[in-house]
Structures are given as C-alpha cells and as structure tokens.
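Below is one structure, written out as structure tokens; the observations come after it.
Being a predicted model, the structure only gives us computed values, none of them experimental. Quick note: residue numbers are just sequence positions, from 1.
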Amino acid sequence: EVQLQASGGGFVQAGGSLRLSCTTSGFTFDEYYISWFRQAPGKEREGVSSISNSDGRTYYADSVKGRFTISSDNGKNTVYLQMNSLKIENTAVYYCAAGPQPGPLLYRLWVDVNEYYYWGQGTQVTVSS
C-alpha cells in the first residue's frame, strides 16, 4: 500500500520557520520525484517545490526561492521542506505528492497536479502577523 504522510505544519508568526516532512512507503523512492503543493482557501492548488530522488534536481516556485529548501533522505524515504522567513500569504494546507520520473521534462512538469500518482493528506500551515 502506498502512503505519503505529511507532517510538521502548525502556527507560526510571520518571519518564523517550519520544517515539513513527507514520509513515504509502498513504492521505490528513487524512481519517483516528490513535490510540495499548497492550497489556500478559495485558491487553486499550486506547486511550491520539487525534488528528483534519483539525481537530486530541485525546483522552486518563484515566490519561495531563497526562503524554502527542499531535501530528501533516501535512506528514510522522506522529503523535507524547510520554510524560512514565512509570510502571512504562505498560510495554506501543504500537500506532498509523488510522481514517476519524467526525465528531462521535470523542470516544467512538476507544477502540473495531473502528473502525480500519489498524494498525502495535507498539513496545515498558518502564519500570523
């Protein structure tokens, strides 16, 4: 059974930090890429960051570059999202998702929600002023 378990969300003041974890099981970790998406109330789900577990390529939405860092621990089948300098507009439910490696097209495919086979349940991040 495939499982993606997102955790680490919570309440934080603007400027603070959180680290999200996505613990996975049930599939061959390094044959997939893992991404973080977020969805705020009334808005569409948007891609935040992605990492290829086979070669470590990483991608970020422009809005989080320089503040968020994605990483993976292949031994633990876990992907992390370190979020620093959080802003009120980062408030959302954060989801992790896994998709099969698309090769060189990952740079543009990672933001497409239809490219993913598996989704986690989401973890709430609330940033207050």
Side-chain angles (χ1 to χ4, degrees):
E1 179 187 5
V2 172
Q3 289 189 334
L4 281 78
Q5 181 73 37
S7 62
F11 292 87
V12 64
Q13 286 191 322
S17 299
L18 284 174
R19 189 177 82 153
L20 305 184
S21 299
C22 178
T23 303
T24 73
S25 62
F27 60 92
T28 304
F29 190 72
D30 59 6
E31 292 182 358
Y32 283 72
Y33 65 102
I34 306 290
S35 300
W36 287 96
F37 286 77
R38 64 188 177 194
Q39 189 165 20
K43 295 189 177 182
E44 292 187 353
R45 193 168 296 190
E46 64 172 352
V48 176
S49 184
S50 183
I51 187 165
S52 167
N53 293 326
S54 63
D55 59 16
R57 284 175 291 164
T58 59
Y59 301 95
Y60 297 93
D62 288 344
S63 62
V64 306
K65 284 180 181 177
R67 300 188 298 119
F68 290 12
T69 303
I70 193 169
S71 62
S72 66
D73 185 334
N74 287 36
K76 295 182 179 180
N77 290 352
T78 299
V79 170
Y80 304 98
L81 184 68
Q82 179 67 43
M83 306 187 295
N84 298 329
S85 302
L86 281 161
K87 303 177 181 180
I88 293 174
E89 55 263 40
N90 298 146
T91 295
V93 178
Y94 283 69
Y95 300 89
C96 57
Q101 295 282 359
L105 297 181
L106 177 59
Y107 76 97
R108 64 178 175 86
L109 292 179
W110 73 271
V111 294
D112 185 348
V113 297
N114 296 309
E115 291 293 321
Y116 293 85
Y117 283 10
Y118 310 116
W119 289 84
Q121 85 290 0
T123 184
Q124 175 71 47
V125 171
T126 303
V127 185
S128 63
S129 60

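Under the 6.0 Å cut-off for aromatic ring centres, F27 and Y117 do not qualify, their centroids lying 6.0 Å or more apart. For Y80 and F68, the ring centers sit 6.0 Å or farther from each other.
Looking at T69 and Y60, their side chains come closer than 4.5 Å, going by heavy atoms from C-beta outward. Between C22 and W36 the shortest side-chain heavy-atom distance falls below 4.5 Å. For the pair V79 and N53, the minimum side-chain heavy-atom distance is below 4.5 Å. Between Y116 and W110 the shortest side-chain heavy-atom distance falls below 4.5 Å. Contact annotation: the side chain of M83 never approaches that of V64 to less than 4.5 Å [non-hydrogen atoms, C-beta and beyond]. Side chains of Y33 and P102 form a contact here, defined as non-hydrogen atoms less than 4.5 Å apart.
Grouping the Ile, Leu, Val, Met, Phe, Trp and Tyr side chains by contacts below 4.5 angstrom, directly or via other members, places Y95 with V111.
Closest of all the heavy-atom pairs between T78 and K76 is OG1-O, 2.8 Å. Between Q13 and S129, the shortest heavy-atom contact is NE2-O, 4.2 Å. For the pair C96 and I34, the tightest heavy-atom approach, listed with the atom from each and the gap, is CB-CG2, 4.5 Å. Taking every heavy atom of both residues into account, A92 and Q124 meet most closely at O-NE2, 3.4 Å.
The OG atom of S35 sits 10.5 Å away from atom CG of L81, with the distance rounded to the nearest 0.5 Å. Here the CZ atom belonging to R67 is positioned 6.5 Å from the CG atom belonging to L86, to the nearest 0.5 angstrom. Between the CG atom in N77 and the OG1 atom in T24 there is a gap of 4.5 Å [rounded to 0.5 Å]. Atom CG of D55 sits about 8.0 Å away from atom CG of L106, to the nearest 0.5 Å. Here the CG-CD distance, from D30 to Q101, works out to 8.0 Å after rounding to the nearest 0.5 Å. For the atom pair I88 CD1 and T126 OG1, the distance stands at 11.5 Å (nearest 0.5 Å).
Using bins of under 30°, 30° to 60° and over 60° for the plane-to-plane angle, the ring pair F37/W119 lands in the tilted bin.
If you check the side chains of S72 and N74, you find a donor sitting under 3.5 Å from an acceptor. A donor-acceptor pair shorter than 3.5 Å can be found between the side chains of N84 and S17. Remark: the S21 side chain and the T23 side chain contain no N/O donor-acceptor pair separated by less than 3.5 Å.
Few gaps surround CD on E89; more than 12 heavy atoms of other groups in view lie less than 6.0 Å from it.
Here E31 pairs with nothing under the salt bridge (Lys or Arg N to Asp or Glu O under 4.0 Å) rule; sequence neighbours left out.
Looking only at distances, a side-chain donor or acceptor of Q121 sits under 3.5 Å from a matching main-chain atom of A6.
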Please walk me through it: do V48 and I70 pass side chain to side chain contact (heavy atoms under 4.5 Å, CB included)?
CA-CA 10 Å; V48 176; I70 193 169; over 6 Å; no

